[in-house]
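Written out below as structure tokens is the structure these notes cover.
Letters A, B, ... are given to chains in the order of the sequence lines, protein chains preceding strands, and every chain is numbered from 1.
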Amino acid sequence: MDLPAIYDPSITEEKWYAYWLKHGFFRSVPDDRPKYSMVIPPPNVTGVLHMGHMLNNTIQDVLVRRARMQGKNTCWVPGTDHASIATEAKVVALLKEQGLEKSDMTRETFLKYAWAWKEKHGNIILEQLKKLGASCDWERTSFTMDPDMSRSVIESFVYLYNKGLIYRGIRMVNWDPEGQTAVSDEEVIHREVNEKLYYLKYFFSENGKAGKEYLSIATTRPETIMADVAVCVNPQDERYVGMVGKKVLIPLINKEIPVLADDYVTMDFGTGCLKITPAHDLNDYEIGLRHKLPVIDILNPDGTLNEQAQVLVGEDRFEARRKIRHMLEENGCLEKEEPYITQVGFSERTDAVIEPRLSLQWFVKLEILAKRALAYVEDGNVKLIPNKYRNTYRHWMETARDWCISRQLWWGQQIPAWTLPNGEVVVASTAEEALELARKNDPNLQAEDLVQDPDVVDTWFSSWLWPISVFDPDKPGHPEKESNKELAYYYPTDDLVTAPDILFFWVARMVMAGDLFCNQKPFSNVYLTGMVRDKLGRKMSKSLGNSPDPIELMDQYGADGVRMGLMLCTSAGNDILFDESQVEQGRNFCNKVWNAYRLVRSWKREETMVPSDTLQEAVRWFSQLLAATRYEVDDLLSKYRLSEALMLLYKRFWDDFCSWYLEIIKPFTEEERRLDAQTYDMTLQFFNIQLHLLHPFIPFITEELWQNLSERTSGESIMVSAVPQTGSFDKSALDEFVRLQEMVVHIRGLRQSKQIPRKEELDLLFKGSFPSKWHGIAMRMAGLKTVQQVHEAPSEVNVYTFLIGTTECFVPLGTLLDIEEEKSKLHAELTYYRKFLSSVEKKLANESFLQRAPRKVVDIERKKQSDAKSKIKALEKQLELL
RNA sequence: GGGAGCUUAGCUCAGCUGGUUUAGAGCACCUGCCUUACAAGCAGGGGGUCGUGAGUUCGAAUCUCGCAGCUCCCACCA
């Protein structure tokens with residue numbers, strides 16, 4: 001067989017993915033094996049693959065592939081999320097480009113456009129995941145607006161409504177004037193902004209006319225003064241004694257409003273005097289409720305001023321702010337202005353400044369749900385990895401307020417509530433059922449008398465059902481019914497891999513939904529990935545242009561290389577600083593594996609040959625090392641330390657397997673590339689085991705080589721074949737081998753510094769212990785002619801000496817040895833050990849140490865002491881000789 | 001304003017309940033090599049007073065408390 005010297009992933013990767021699909025290795029149906037299940041965090045249909053997806057899905061694929069190789073019935077459910085605000089915004093923008101306005105079309109027409117858009121773009125991201133190697137059960141691909149998914153959402157809405165967990169009410173919500181919809185508290189991002197604090201004069205009213213005296217009121221939002229209904233001071237505030245109960249005039253519109261007292265007002269902020277604008281500020285709204293004040297809303301849904309404002313009608317709120325400032329100044333009502341830094345809320349989806357707005361919305365009561373969802377994490381039923389997120393999770397669950405779930409959009413599941421002519425509202429799964437309900441009170445009602453709520457539900461109100469509804473869409477609406485076979489088998493899922501920024505949006509709510517509808521957690525472990533940043537630590541963004549195109553990256557380095565590059569530097573919960581050189585490292589590793597394989601395959605298996613002792617020892621050593629490695633890798637993976645597990649495998653393969661094992665057993669001469677059958681077979685077996693251990697991380701090349709390793713019949717794959725058995729291992733024997741390696745490295749260093757060519761063989765004498773079984777290995781690796789034990793240090797002058805542990809080693813060098821250099825080297829070593837010894841002895845001289853430290857620790861120190869002493873003795877002797 | 005977390009080599013990080021750690025890894029770096037699997041390679045090497053100050057302890061990178069710097073989350077002071 002002829003393999004090229006450079007591995008080309010573009011040939012193999014597509015081939016094997018098609019093969020895996022063809023043989024249905026990703027497919028899962030319930031059976032009697034133990035299961036491993038996981039749902040993908042459904043990416044937005046609007047999205048294209050970015051580095052965050054790459055990281056997230058690589059981790060998932062590693063976990064899934066490992067479980068599959070452990071013989072579990074593995075099910076990874078893929079799908080996409082309809083992402084109502086983001087998608088609707090995208091479709092609206094697209095229509096605008098074509099000269100079409102959403103406001104000009106009916107709901108049906110708009111949705112037709114939206115669906116067309118989804119059909120065209122919706123699956124791009126999933127196709128891209130295939131290139132990465134994601135082993136999802138594609139037959140299960142779901143979309144959060146699939147008919148049965150939507151039914152699940154609607155029916156669960158009805159269920160919760162009937163249980164009293166969903167209610168409708170007029171509340172202050174976060175209004176996004178750009179998207180023209182309410183958004184939840186979690187969708188508001190607060191940012192610091194430089195604004196101005198305006199001090200306005202509210203003159204006291206004297207029979208409706210402005211008097212001479214005034215109250216000074218600080219505000220950042222002068223454009224809202226027309227909506228003021230009162231001015232408020234703290235009852236304890238001595239400055240304003242006697243003013244409560246009087247009336248002041250709103251500047252510009254000269255409207256009389258009362259001066260009130262309320263404890264909410266802080267005396268030492270601003271002027272201690274607060275204008276009350278119930279329609280446009282949450283606190284003011286609450287104060288308004290306390291004092292039974294009217295609500296005057298002066299803003300349109302799009303953020304422009306309405307008729308109620310009386311002035312600047314039709315102007316945008318920010319334009320109005322600019323203009324009103326001048327008007328107030330001209331009017332003599334602007335006392336002063338100061339620069340002011342304040343927190344402003346922005347919409348997560350549209351980045352518009354959020355407007356507190358009073359409106360009729362639907363809410364989910366969270367108090368009980370949050371408490372129960374918290375318990376799952378608190379008692380370890382659901383584990384967060386890393387654990388530090390427990391605190392964050394707890395904090396949110398303890399402070400969560402009711403969840404506003406209605407959105408003034410069309411793209412999504414329409415709220416199943418109908419208003420009757422008399423204003424009553426009925427909630428039912430379908431229009432027919434709603435009519436039936438309505439007729440209980442008024443049998444004459446007709447279908448057209450019922451008007452469905454035009455709003456849709458929050459996207460997260462559908463995705464919180466995801467781990468349930470992908471298996472059994474009927475369950476959320478009917479928790480009392482028995483789970484279907486799928487749900488019973490796959491639920492709860494095992495792992496969830498997601499980013500910490502949706503811990504509350506999604507993870508916490510899935511726990512709530514799991515508890516509500518299945519009375520069980522939705523998953524056992526939540527692995528939280530970090531954010532992928534560029535190597536300077538900046539967020540990846542289109543505008544910075546610092547985000548590599550994953551597809552190009554995979555074309556250039558292979559999916560395996562990219563996966564490896566990402567996995568080498570990821571640890572749970574920590575951001576990863578992405579640098580293309582890591583991907584290069586991944587690619588290089590794949591190439592290394594490839595070439596190691598080429599080497600082994602270039603040898604001839606010789607049935608009649610008998611393995612030398614050296615070869616047998618090498619096999620013995622590496623098989624033990626592999627057993628130990630596998631044990632360690634299992635341990636690391638069980639703790640989700642993926643990058644450490646991969647790094648360990650990387651080092652084993654590259655440093656130990658290639659640089660030591662293969663170099664030891666490599667046949668000497670070119671003509672005779674023959675290896676005895678026993679060693680040859682074991683070497684292939686080592687390869688086989690390492691391919692298995694590496695497969696979850698780099699699935700393509702491992703499949704390619706595994707298929708090549710021996711005759712395979714169609715339908716076989718490394719991904720469904722169990723990892724071959726590894727034997728036992730003896731830790732101390734492995735440690736001893738490290739001594740041997742140190743010795744070889746030392747001699748190689750000597751060659752380098754004395755410029756002794758490899759071909760020139762050396763002799764080694766040693767005093768102390770150095771197992772004879774390894775002499776052959778040392779000779780091979782260090783280029784030695786002889787290895788010989790002595791009882792006394794050689795007396796010649798021209799002998800290079802060094803210590804490995806407590807074994808003294810001697811290499812006669814003839815004229816090459818520089819006596820002075822040797823002396824200074826020995827002196828340096830001597831100084832080091834003397835210092836070391838004195839620190840150890842200081843410890844041992846300490847009575848308290850001897851008394852209080854555990855015996856084991858004291859023994860260790862004693863051993864250090866005696867070792868150091870014998871080393872010093874040996875060094876002194878060598879110096880003497882020189 | 002409240003809370004959480006971080007600070008170990010040039011970079012990214014490991015070091016879990018204090019003691020074989022006068023601290024490890026990978027990358028980067030330096031030196032020498034086209035040694036017949038791989039220059040996407042081989043061999044060798046240097047590099048850290050563990051942010052800072054104190055405390056607990058026989059013993060601290062590890063535990064406690066100040067201080068400094070960074071990051072994230074939450075929050076309605078106009």
Side-chain angles (χ1 to χ4, degrees), chain A residues 3 5-7 172 185 190 197 217-221 232 264-266 268-277 281-286 340 342-343 345 356 386 388-396 399 500-501 503-504 531 535 537 557 561 568-571 573-577 579 581-582 584-602 639 641 643-644 647-648 650-651 658-659 662-663 666 669-670 673 745-746 748-753 755 757-759 832 835-836 839 843 846-854 856-861 863-864 867:
Chain A
L3 297 171
I6 286 179
Y7 170 62
M172 192 64 95
D185 293 340
H190 293 269
L197 194 57
I217 292 169
T219 178
T220 53
R221 304 200 56 191
C232 215
Y264 170 78
V265 183
T266 356
D268 53 9
F269 188 86
T271 59
C273 205
L274 176 66
K275 74 190 196 67
I276 306 300
T277 321
D281 186 283
L282 182 57
N283 297 308
D284 291 10
Y285 177 68
E286 276 161 13
Y340 184 64
T342 185
Q343 297 280 329
K388 64 177 178 186
Y389 284 106
R390 267 175 71 162
N391 295 328
T392 325
Y393 183 88
R394 182 189 313 116
H395 186 250
W396 189 76
T399 56
D501 53 345
L503 190 59
F504 312 130
M531 190 186 288
K535 61 178 166 184
Y557 297 99
L568 276 174
C569 58
T570 179
S571 66
N574 288 339
D575 286 353
I576 83 165
L577 302 193
D579 186 349
S581 69
Q582 290 150 350
E584 209 178 305
Q585 193 186 348
R587 176 201 60 181
N588 293 356
F589 180 72
C590 292
N591 195 237
K592 184 74 182 178
V593 174
W594 178 259
N595 273 292
Y597 187 74
R598 280 179 68 214
L599 175 67
V600 174
R601 277 303 186 184
S602 73
K639 293 173 182 153
R641 298 176 165 228
S643 72
E644 285 172 63
M647 182 51 72
L648 183 64
Y650 175 95
K651 284 190 285 189
C658 294
S659 297
L662 291 181
E663 291 298 331
K666 200 174 185 174
T669 56
E670 173 134 41
R673 297 187 147 230
V745 165
H746 206 105
R748 284 173 175 168
L750 170 68
R751 283 182 181 280
Q752 173 121 341
S753 66
Q755 299 192 320
R758 267 189 74 94
K759 282 176 203 153
Y832 173 87
K835 229 168 125 188
F836 179 74
S839 88
K843 229 182 217 179
N846 187 332
E847 274 302 314
S848 312
F849 173 73
L850 293 177
Q851 270 168 27
R852 302 196 195 191
K856 212 177 100 196
V857 175
V858 177
D859 286 347
I860 288 163
E861 291 303 314
K863 173 103 179 17
K864 278 190 196 166
D867 282 0

Answer yes or no: does a side-chain N or O of [X] lie under 4.0 Å from OP1 or OP2 of [N]?
| X | N | answer |
| --- | --- | --- |
| A:Ser659 | B:A43 | yes |
| A:Thr342 | B:A78 | yes |
| A:Lys275 | B:C77 | no |
| A:Arg641 | B:G15 | yes |
| A:Tyr340 | B:C77 | no |
| A:Tyr264 | B:C76 | no |

Where do [X] and [Y] come nearest, in terms of heavy atoms and distance?
| X | Y | value |
| --- | --- | --- |
| A:Met172 | A:Tyr285 | CE-CB, 3.6 Å |
| A:Leu568 | A:Ser643 | O-CB, 3.7 Å |
| A:Cys658 | A:Ala596 | SG-CB, 3.9 Å |

Distance, [atom1] atom - from [M] to [N], rounded to whole angstrom:
| N | M | atom1 | result |
| --- | --- | --- | --- |
| B:G45 | B:G5 | P | 42 Å |
| B:G48 | B:U12 | C1' | 15 Å |
| B:A61 | B:G19 | P | 10 Å |
| B:U21 | B:C16 | P | 13 Å |
| B:C34 | B:U62 | C1' | 48 Å |
| B:U52 | B:G26 | P | 26 Å |
| B:A23 | B:C50 | P | 10 Å |
| B:C6 | B:A28 | P | 29 Å |

*Just how far, in rounded Å, is C1' of B:C77 from CD1 of A:Ile276?*
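Result: 12 Å.
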Among [options], find the nucleotide with the atom closest to the side chain of [X].
| X | options | value |
| --- | --- | --- |
| A:Ala853 | B:A78, B:G19, B:G26 | B:G19 |
| A:Asn283 | B:A78, B:A40, B:C76 | B:C76 |
| A:Lys864 | B:A40, B:G5, B:U20 | B:U20 |

*Donor-acceptor pair, A:Asp575 side chain versus A:Met531 backbone, under 3.5 Å?*
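Here the side-chain-to-backbone pair exists.
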Is it the case that the base of [N] and the side chain of [X] share a donor-acceptor contact (distance under 3.5 Å, atom types as modelled)?
| X | N | value |
| --- | --- | --- |
| A:Gln585 | B:A40 | no |
| A:Gln582 | B:U12 | no |
| A:Arg748 | B:A43 | no |

*Could you tell me the separation between the CD atom of A:Glu861 and the CG atom of A:Asn846, rounded to the nearest 0.5 Å?*
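Between atom CD of A:Glu861 and atom CG of A:Asn846 there are 11.0 Å.
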Check every strand shown and say whether [X] touches a base, only sugar-phosphate, or nothing at a heavy-atom separation below 4.0 Å.
| X | answer |
| --- | --- |
| A:Lys666 | base |
| A:Glu584 | nothing |
| A:Leu274 | base |
| A:Thr392 | sugar-phosphate |

_Can you tell whether the side chains of A:Lys863 and A:Asp859 come within less than 4.0 Å, N to carboxylate O?_
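No, A:Lys863 and A:Asp859 are not salt-bridged.
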